[in-house]
Amino acid sequence: MIKENDLFLLTDDKGNIPVDNTYGLGFYTKDTRFLSKFDLKINGEDPILLSSSADENYSARILLTNPHMEKDGELILWRESIELEYKRLIYDVVLYETIQVKSYFPKPVEFDISLLLDVDFTDMFIIRGFQYGEIGKRSGEEQTYLSWDPLLL
């Protein structure tokens, strides 16, 4: 958990917010959960946690790596060849997040990183089961796909 004033972010140990979690994980402000899903995957698989720290209340650092990946007996990505580092900071009512990717494989590799986000704007007392009542309904959804060529960086 990281927090500054009335903003706080609760995630699992890998920095994710699983959908429909029973712990009320999410990004909150003013008693409302704004971010209700944060799911990072490498080639569609969950990364492996290397370390996680939140030495300051308002910042966190999470190191992840990839599992071994094969398809039809052919190597896709050797285990622990990719490192993902999250750096999160809440400052002046804004959540800042950077994800740095490093390859430790001796040859060029290709892989997909996906990040799925969702919002629900649900009152934290409803999430925790202390309050009941009418809540809003989702009226639309939009998906955005981002890609980049690491050779251009």
Side-chain angles (χ1 to χ4, degrees), residues 1-69 71 76-77 79-103 110-150 152-153:
M1 177 172 137
I2 58 174
K3 178 183 186 325
E4 186 200 45
N5 297 323
D6 68 349
L7 290 172
F8 61 96
L9 175 66
L10 294 167
T11 66
D12 66 12
D13 58 350
K14 294 179 183 176
N16 285 331
I17 303 168
V19 71
D20 297 328
N21 67 80
T22 58
Y23 304 108
L25 303 179
F27 181 57
Y28 293 83
T29 186
K30 298 186 183 358
D31 296 337
T32 301
R33 178 170 67 185
F34 282 73
L35 188 60
S36 59
K37 179 180 183 177
F38 185 101
D39 190 19
L40 179 102
K41 299 215 182 273
I42 303 171
N43 286 341
E45 294 189 34
D46 290 327
I48 298 167
L49 178 66
L50 294 175
S51 70
S52 175
S53 65
D55 296 333
E56 303 290 334
N57 288 340
Y58 54 86
S59 67
R61 181 177 175 259
I62 302 163
L63 283 177
L64 305 166
T65 190
N66 63 285
H68 188 77
M69 298 178 186
K71 184 175 182 179
I76 296 173
L77 200 55
R79 78 169 210 266
E80 299 175 2
S81 58
I82 302 299
E83 177 188 89
L84 299 172
E85 180 183 23
Y86 288 129
K87 289 183 183 175
R88 291 181 168 151
L89 170 70
I90 298 177
Y91 177 73
D92 199 22
V93 298
V94 176
L95 172 65
Y96 296 93
E97 176 144 0
T98 60
I99 301 174
Q100 183 175 355
V101 181
K102 291 182 188 174
S103 174
E110 289 186 27
F111 54 91
D112 292 324
I113 295 177
S114 62
L115 183 58
L116 302 172
L117 307 171
D118 201 0
V119 297
D120 64 2
F121 305 110
T122 302
D123 187 284
M124 70 185 277
F125 296 104
I126 292 174
I127 292 167
R128 298 174 84 194
F130 296 134
Q131 184 178 352
Y132 300 95
E134 291 186 33
I135 59 173
K137 294 183 173 102
R138 184 179 295 262
S139 62
E141 187 172 307
E142 182 177 320
Q143 293 185 353
T144 303
Y145 298 96
L146 301 173
S147 64
W148 73 90
D149 185 343
L152 298 177
L153 297 177

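Worth saying up front: this structure is predicted, and the values here are computed from it rather than measured. In this chain, numbering begins with 1 at the start of the sequence shown.
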### Query
Which one of L49, L50, I82 satisfies the side chain to side chain contact (heavy atoms under 4.5 Å, CB included) criterion with L64?
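For L64, the side chain to side chain contact (heavy atoms under 4.5 Å, CB included) check succeeds only for L49.
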### Query
Is the NZ or CZ atom of R128 positioned over F130's six-membered ring, under 6.0 angstrom from the centre and within 45° of the axis?
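No, a cation-pi geometry is absent between R128 and F130.
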### Message
Does R88 qualify as a cation-pi partner of F38, given the criterion of NZ or CZ under 6.0 Å from the six-membered ring centre and within 45 degrees of its axis?
### Response
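Verdict for F38: a cation-pi partner in R88.
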Are the side chains of [X] and [Y] in touch, meaning some heavy atoms are under 4.5 Å apart?
| X | Y | answer |
| --- | --- | --- |
| I42 | L77 | yes |
| F125 | D31 | yes |
| Y91 | E4 | yes |
| M124 | R33 | no |
| L9 | I17 | yes |
| D13 | I62 | no |
| I90 | F27 | yes |

### Message
Quick test of your reading of the model: are E97 and K87 salt-bridged, counting only N-O distances below 4.0 Å?
### Response
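No salt bridge links E97 with K87.
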### Query
Between the side chain of N16 and the main-chain N/O of P18, is any donor-acceptor distance below 3.5 Å?
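Looks like no, no N/O pair under 3.5 Å.
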#### Entry: Donor-acceptor contact present, side-chain N43 to main-chain D112, <3.5 Å
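A pair under 3.5 Å: yes.
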### Message
With salt bridge (Lys or Arg N to Asp or Glu O under 4.0 Å) as the criterion, how do D46 and K14 come out once you've worked through the C-alpha distance, each side chain's angles and the decisive distance to 0.1 Å?
### Response
CA-CA 9 Å; D46 290 327; K14 294 179 183 176; 5.1 Å; no
Which heavy atom in [X] sits nearest to a heavy atom in [Y], and how many Å separate them?
| X | Y | result |
| --- | --- | --- |
| I2 | A54 | CG2-CB, 4.3 Å |
| F121 | V119 | CE1-CG2, 3.6 Å |
| P47 | P67 | CA-CD, 4.4 Å |

### Query
Around atom CG of N57, are there more than 12 heavy atoms of other residues, nucleotides or ligands at under 6.0 Å?
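Open.
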### Query
Should we count NZ of K3 as having more than 12 external heavy atoms under 6.0 Å?
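Result for NZ/K3: enclosed.
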### Task
Please test K41 against I113 for side chain to side chain contact (heavy atoms under 4.5 Å, CB included), starting from the C-alpha separation and ending with a verdict.
CA-CA 6 Å; K41 299 215 182 273; I113 295 177; over 6 Å; no
Euclidean distance, [Y] [atom2] relative to [X] [atom1], rounded to 0.5 Å:
| X | Y | atom1 | atom2 | result |
| --- | --- | --- | --- | --- |
| T32 | I127 | OG1 | CD1 | 8.5 Å |
| N5 | L7 | CG | CG | 7.5 Å |
| L25 | M1 | CG | CE | 11.5 Å |
| I48 | L63 | CD1 | CG | 13.0 Å |
| L95 | L89 | CG | CG | 8.0 Å |
| S81 | N66 | OG | CG | 4.0 Å |

### Ring centroid separation Y28 to F34 under 6.0 Å
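Ring-ring flag for Y28/F34: false, centres at least 6.0 Å apart.
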